[in-house]
Amino acid sequence: MPPRTTATTAATRLAPVRARRPRALAAQVPQQAQDAQLAERLRQAGLQPTRQRLAMARVLLGAPVHMHAEQVLQAARQHYPSLSRATVYASLPLFAERGLLRALPLGLEHTVYDSSTEVHPHLLIEDSGEVLDLPPDCIRWDALPPLAPGLEVAAIDMVVRVRRTAAAPDAAASGAA
């Protein structure tokens, strides 16, 4: 068997790398594009897009979510493992102040942050602390009474609180039969 030339060996070694590279780049490009959009949102809010804030933005601003600080910390550490608890607790109120999130006044032991900043009602399941969005049109916001002179609406917070009934778990199953 004739010895391989350097050119043949190099081409053989590079061929598998070239075959894998587009797939790896294809996976990175959407994430890079998303990170660029998130960084721009942070800049528009007057925030420096640090790696820590970008990790939080990936979790909070990519889709509608309701999360408290510890949930944000755990999810954002998937993107930036050394993210500190102090950074999360300091950044969340700043995100809310700058209009990226809404801090929901739910009266719970922790603040829940909502990534949907437009006015809409919420459903709070008190037993679990789970927060769900209700359709914006289920409550008429335009039916508010007129305000006294010198007053304006600063915010509207509508929370419908529910709890699980004391009915036995089997009651629903037996009633359906």
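Each side-chain hydrogen bond (donor to acceptor under 3.5 Å, both in side chains) pair with one or both residues in residues 90-99, not counting sequence neighbours, would appear here, but there are none. Residue pairs meeting the salt bridge (Lys or Arg N to Asp or Glu O under 4.0 Å) criterion with at least one member in residues 103-112: none, sequence neighbours excluded. Applying the salt bridge (Lys or Arg N to Asp or Glu O under 4.0 Å) rule to pairs touching residues 143-165 yields R102-D157, E126-R161, E126-R163, sequence neighbours excluded. Annotation: ring pair (Phe, Tyr, Trp, His ring centres under 6.0 Å) contacts involving residues 96-119, sequence neighbours excluded, comprise H68-H110. Among residue pairs with one or both ends in residues 30-49, none qualify as ring pair (Phe, Tyr, Trp, His ring centres under 6.0 Å); sequence neighbours excluded. Sorted by first then second residue, the salt bridge (Lys or Arg N to Asp or Glu O under 4.0 Å) pairs that include residues 50-69, not counting sequence neighbours, are D35-R58.
Checked against ring pair (Phe, Tyr, Trp, His ring centres under 6.0 Å), H122 has the following partners two or more places apart in sequence or in another chain: H66, H120. In terms of the side chain to side chain contact (heavy atoms under 4.5 Å, CB included) criterion, residue partners of L123 (sequence neighbours excluded) are, by chain and number, L132, L134, V160, V162. Annotation: side chain to side chain contact (heavy atoms under 4.5 Å, CB included) contacts of Q37 (sequence neighbours excluded): none. Residues meeting the side chain to side chain contact (heavy atoms under 4.5 Å, CB included) test with P64, sequence neighbours left out: S115, S116. The side chain to side chain contact (heavy atoms under 4.5 Å, CB included) test applied to E40 returns R43, Q44, not counting sequence neighbours.
The shortest distance between side-chain heavy atoms of L104 and V159 does not fall below 4.5 Å. Side-chain contact between L47 and L94 is present, with at least one heavy-atom pair separated by less than 4.5 Å.
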With a cut-off of 3.5 Å and sequence neighbours excluded, list every side-chain donor-acceptor pair involving residues 82-89.
residue, atom, partner, partner atom, Å
S84, OG, T87, N, 3.1
S84, OG, T87, OG1, 2.8
R85, NE, E70, OE2, 2.8
R85, NH2, E70, OE1, 3.0
Y89, OH, E70, OE2, 3.0

Test side chain to side chain contact (heavy atoms under 4.5 Å, CB included) on V72 and V65 and set out the steps.
-> CA-CA 10 Å; V72 173; V65 295; over 6 Å; no
